[in-house]
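To start, the structure under review is shown below, and the notes come after it.
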Amino acid sequence: MATEIALKLADGREVRVPSGTLVADALRSAGLASEDVLGAKVGGEILDLQTPVRAAGPFLPVRAGTPEGLEILRHSTAHVMAQAVARLFPDVEFAIGPVIEDGFYYDFDTLHVFVPEDLPRIEAEMAKIVAEGQPIRRSEASGKSEAIATLTKTQKAKFKSEIVRELPEDAAVSFYSQGEFTDLCRGPHLPSTARVGKAFRLLSVAGAYWRADQKREQLQRLYGTAWFSEQDLAAYLKRREEAEKRDHRKLGRELELVSFRPEVAPGMPFWHPRGTVIYNALVSYVREKLAARDYVEIRTPHVLSSSLWHRSGHMSHYKDNMFFTTVDENEYAVKPMNCPGSALVYEAGLRSYRDLPLRLAEFGLCHRYEKSGVLAGLTRCRAFVQDDAHIYCAPEQLGDEIGALVALVREVYAEVGFANIRMDLSTRPPSSTGTDEMWRNAEGALESALRRIGAEFRLAPGEGAFYGPKIDFQVSDAIGRSWQLATIQVDFSLPKKFDLVYVAADGVRKRPVVVHRAILGSLERFIGILIEHFAGAFPTWLAPEQVRVIPVSEEKNAPYAREVLAACRAAGLRASADLGSERMNQKIRSAQVLKVPYMFVVGGREAENRTVSVRRRDEGDCGAQPLADAVQAVAAETRSRSLALTIPAQATTAGAKKPAKATT
RNA sequence: GCUGUCGUAGCUCAGUUGGCAGAGCACCUCCUUGGUAAGGAGGAGGUCCUGGGUUCAAAUCCCAGCGACAGCUCCA
């Protein structure tokens, strides 16, 4: 009765088995069964040993120690955790417990309120369950109603029943059991709790909503992680620690870049002098890029009448995120976006096709009322400056503009040190404005621009904004976390709402298309990400302080130190001299803690030879160099925006007759 | 906004059973003038988040508010 299906193995062999054969048996037929094989990947889906194979096609064993194997391990660890929780808190009801990046979670409903101290208790119970080595058994219900019956017989199953009811009628409904614990579950799982091993750790407690819906039940979520070896677990925990050390909120304060005053301005950064240097360096960098690409810059008011926001549509879609104020009985809103102001500048004169594309850039300060719970230092704040621009162009110019933008974004990211960039092209969502032709045109322009420059991208069908398709850019930072930064959005709606027109070559008034785009996104968020990316050690061109002059003896060397400082400043370097009475070692430490890229240590020998003893924050003492050479080297490094420090780590030693020539 | 945890000096954090508010770093002053990551001594610094309650007595216990942090995206 069972039809045969053909499984294609990695080595090109083909194995034929009856449909419905268990993965374990199929593996045996293929001669691939072994202790470290935990399941198989069939058509992109990971199946465990006890699951029947029903689809022909590629059939790849999943081994312990692989990413696919980890998914199985983590899923089972989540079940062991659930079993432990059920033992300790018998009133618990289960919701869902999926595998996530680096771990897993399980959502519970129980009267007990989980506190961090519960985690070790639960871990101890989990260790017992692992030691018990309970076989994990898969079973299939014959249908949805039987599944629900089984569920309600064995446990409180409000959430699980809801899941079953929403499955398609013919869906296979599976259960997994281990010892006294049974859970509705799609799998895949290990063959025994013993295989979970010891390399797991519960990490945190959090609230979560059933189905991520604020209106539904609030559940309690336990997060954990699991690995195949204790070394892997230790490495992962170390990575988390490392990320904590890089936290921009901590470094922002320690490096004197930025502070927050939650009592007067929650979610709004106060930029200190050192942070403002970085801020300005980035802005002038972007301005340089814009000048070369025919952008012009504008500035528009921060507080604008609500009537404008009605016209732009923000009052109906974005009101909950806006700040308002009333003056002279008129209601005004603090701008959350720059587009309406930009549109008014466009509107200020009659535009000709000769003016297009018109690229209006604005470093506009925006305020958004973000819910208090989502605020997070610089990466999510209520006041921020976007490196925004709106490009007004004729529809037929869209392709070139998009192409130029994608190239620009990639150039900028490479130069500021983000090597890994991912692009997502989001297309027309189910509910949208604009004609089919407009969408076809815009989506085509975006896609062909991406293809033309050979960029790899992911297609996100239906993920676009209601007013047009978009390209989002994600970068990976130095420790592998990914961040969404730039966005390029085509907008059909705004020109219509503001009735924007241009006079075409034939004298007819036509409607331009507008492209919203930000490269860095918001300066605040971008700097927050950069702080974490560089762990606070900014490349010289961005460093708040590039050179610190340190006299060996303040009493004897202060005059020469001042002279060196003057030489640095004359070359345009951001420099200071530490003329306090502390010891030299203390001064070096202070500069090191602030991650100043270069220290120029000057004592009697240097004053005599008109040299400086260069110390790099990353390499330490680099020996003496002529003052002029060292200054020029740092200046050149700044101009070139080098990501690494460039003065060679091994120059000649202090007081040498012929110092090495500084390279640039 | 919701759930949980937390809130003590500029920073990091102690503070026992409810009984005089503490340390290190940073800051200021003095001594020290040194050769590549912390010299020594002294001093100043507090609305113990805010408001209310319990108590002879509250940083500590209770209630409310505010704020910070983790999470609320990965859907058996």
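Chain identifiers are assigned alphabetically (A, B, ...) following the order of the sequence lines, protein sequences preceding nucleic acid strands; residue numbering begins at 1 within each chain. Heavy atoms only: backbone and side chains are in, while hydrogens, waters and symmetry mates are out.
- The nucleotide whose nearest atom lies closest to any side-chain atom of A:Arg211 is, among B:rU33, B:rC75, B:rU36, B:rC75.
- Listed nucleotides: B:rG71, B:rG35, B:rC2. Nearest to the side chain of A:Ala206: B:rG71.
- In this structure, of B:rA37, B:rC75, B:rU33, it is B:rC75 that holds the atom nearest to the side chain of A:Ile96.
- With respect to A:Glu582 and A:Arg589, no salt bridge is recorded, no charged nitrogen being found less than 4.0 Å from a carboxylate O.
- In this structure B:rG35 sits in no base pair that meets the Watson-Crick or G-U test at under 3.5 Å.
- Each of A:Ile163 and A:Gln586 was assigned the nucleotide of RNA chain B with the nearest heavy atom; the assignment lying further toward the 5' end belongs to A:Gln586.
- Ranking B:rU3, B:rC72, B:rC11 by closeness to the A:Gln218 side chain, first place goes to B:rU3.
- When the C1' atom is compared between B:rA41 and B:rG46, the two are found 25 Å apart, to the nearest whole Å.
- The aromatic rings of A:His189 and A:His79 lie tilted to each other, with the angle between the two planes from 30° to 60°.
- For A:Met584, the side-chain atoms get nearest to B:rG35 when compared with the rest of B:rG35, B:rA38, B:rC72.
- In terms of phosphate contacts, A:Arg253 brings a side-chain nitrogen or oxygen within less than 4.0 Å of OP1 or OP2 of B:rU12.
- In this structure, A:His75 and A:Gly604 both approach RNA chain B, and ranking their closest nucleotides by distance from the 5' end singles out A:Gly604.
- Across the protein-nucleic acid pair, A:Arg380 atom CZ and B:rC72 atom P stand 12 Å apart, rounded to whole Å.
- Across all strands shown, B:rC27 pairs with B:rG43; the Watson-Crick or G-U wobble distances both stay below 3.5 Å.
- On the C1' atoms, B:rA68 is 44 Å away from B:rU33, given to the nearest whole Å.
- With A:Phe175 as the aromatic partner, A:Lys160 does not meet the cation-pi criteria of under 6.0 angstrom to the ring centre and within 45 degrees of the ring axis.
- The listed nucleotides are B:rG1, B:rG35, B:rC74; the one nearest the side chain of A:Pro98 is B:rC74.
- Residue A:Gln220 is classed as having no contact, given no heavy-atom separation below 4.0 Å to the nucleic acid.
- Of all nucleotides present, none satisfies the Watson-Crick or G-U wobble test against B:rA14 with each distance under 3.5 Å.
- In this structure, a donor-acceptor pair under 3.5 Å is absent between the side chains of A:Asp102 and A:Thr225.
- The nearest whole Å value for the distance from the CD atom in A:Glu582 to the C1' atom in B:rU32 is 11 Å.
- Separation of the C1' atoms belonging to B:rA57 and B:rG4 is 33 Å when rounded to the nearest angstrom.
- Between A:Glu217 atom CD and B:rG71 atom C1' the separation is 18 Å, expressed in whole Å.
- Contacts of A:Arg221 with the nucleic acid, taken as non-hydrogen atoms under 4.0 Å apart, involve only primed sugar atoms and P, OP1 or OP2.
- Partner of A:Tyr223 under the ring-ring contact (aromatic ring centres under 6.0 Å, His included) criterion, out of A:Tyr105, A:Tyr106, A:Phe104: A:Tyr105 alone.
- To the nearest whole angstrom, the two P atoms, one in B:rU29 and one in B:rU17, are 43 Å apart.
- Of the candidate nucleotides B:rG35, B:rC74, B:rC72, B:rG35 has the atom lying nearest to any side-chain atom of A:Arg605.
- Within 3.5 Å, a donor on the side chain of A:Tyr209 pairs with an acceptor on the base of B:rC2, or the reverse.
- When heavy atoms are screened at a 4.0 angstrom cut-off, A:Gly620 is found touching no nucleic acid atom at all.
- Within the 4.0 angstrom heavy-atom criterion, no nucleotide atom of any strand lies near A:Phe94.
- In this entry the distance linking CD of A:Glu606 with P of B:rG35 reads 12 Å, nearest Å.
- Separating the P atom of B:rG18 from that of B:rC62 is a span of 11 Å, rounded to the nearest Å.
- Distance check on atom P: B:rU5 versus B:rG65 gives 15 Å, rounded to whole Å.
- A:Leu375 comes within contact range of the sugar-phosphate backbone alone, with a heavy-atom separation under 4.0 Å but no base atom that close.
- Using a 4.0 Å cut-off between charged side-chain N and carboxylate O, A:Glu554 and A:Lys587 make no salt bridge.
- Taking atom CD1 on A:Ile647 and atom P on B:rU36, their separation rounds to 19 Å, with Å as the unit.
- Picking from B:rA26, B:rG71, B:rA70 the nucleotide with the shortest atom distance to the side chain of A:Arg249 gives B:rA70.
- The CD atom of A:Glu370 sits 17 Å away from the C1' atom of B:rA68 (whole-angstrom rounding).
- The side chain of A:Asn585 approaches B:rA38 more closely than any other nucleotide in the set B:rC72, B:rA38, B:rA68.
- Here A:Glu554 lies in heavy-atom contact (under 4.0 Å) with a base.
- B:rU60 and B:rG24 are spaced 23 Å apart, taking the C1' atom of each and rounding to whole Å.
- Using a 4.0 Å heavy-atom distance criterion, A:Phe175 is classed as making no nucleic acid contact.
- With a cut-off of 3.5 Å on both pairing distances, the Watson-Crick or G-U wobble partner of B:rA68 is B:rU5.
- Nucleotide B:rA58 is matched to nothing when pairs are restricted to Watson-Crick or G-U wobble geometry with both distances under 3.5 angstrom.
- A:Phe159 and A:Phe94 have their aromatic ring centers separated by at least 6.0 angstrom.
- For the residue pair A:Glu555 and A:Ser553, no side-chain donor N or O sits within less than 3.5 Å of a side-chain acceptor on the partner.
- In this model, the phosphate group of B:rU36 is not approached by any side-chain N or O of A:Lys587 to a distance below 4.0 Å at OP1 or OP2.
- Counting atom types as modelled, A:Glu254 pairs no side-chain N or O with a base atom of B:rG10 as donor and acceptor under 3.5 Å.
- Atom OH in A:Tyr106 sits roughly 19 Å away from atom C1' in B:rU3 (whole-Å rounding).
- Base pairing annotation: B:rA21 forms no Watson-Crick or G-U wobble pair, as no partner gives both donor-acceptor distances under 3.5 Å.
- In this structure, A:Leu219 atom CG and B:rG4 atom C1' are separated by 14 Å, rounded to whole Å.
- The pair A:Glu370-A:Arg380 counts as a salt bridge, with a side-chain nitrogen and a carboxylate oxygen less than 4.0 angstrom apart.
- No engagement by A:Gly187 is indicated, since no non-hydrogen atom pair under 4.0 Å with the nucleic acid exists.
- In this structure, the side chain of A:Glu123 engages the main chain of A:Leu202 through a donor-acceptor pair within 3.5 Å.
- No engagement by A:Ser590 is indicated, since no non-hydrogen atom pair under 4.0 Å with the nucleic acid exists.
- When the nucleotides B:rC75, B:rG67, B:rC2 are ranked by their closest atom to the side chain of A:Pro266, B:rG67 comes out on top.
- Nucleic acid contact for A:Val173: base, since at least one base atom lies under 4.0 Å from a heavy atom of the residue.
- Nucleotides B:rA64 and B:rC20, compared at atom C1', are 30 Å apart to the nearest Å.
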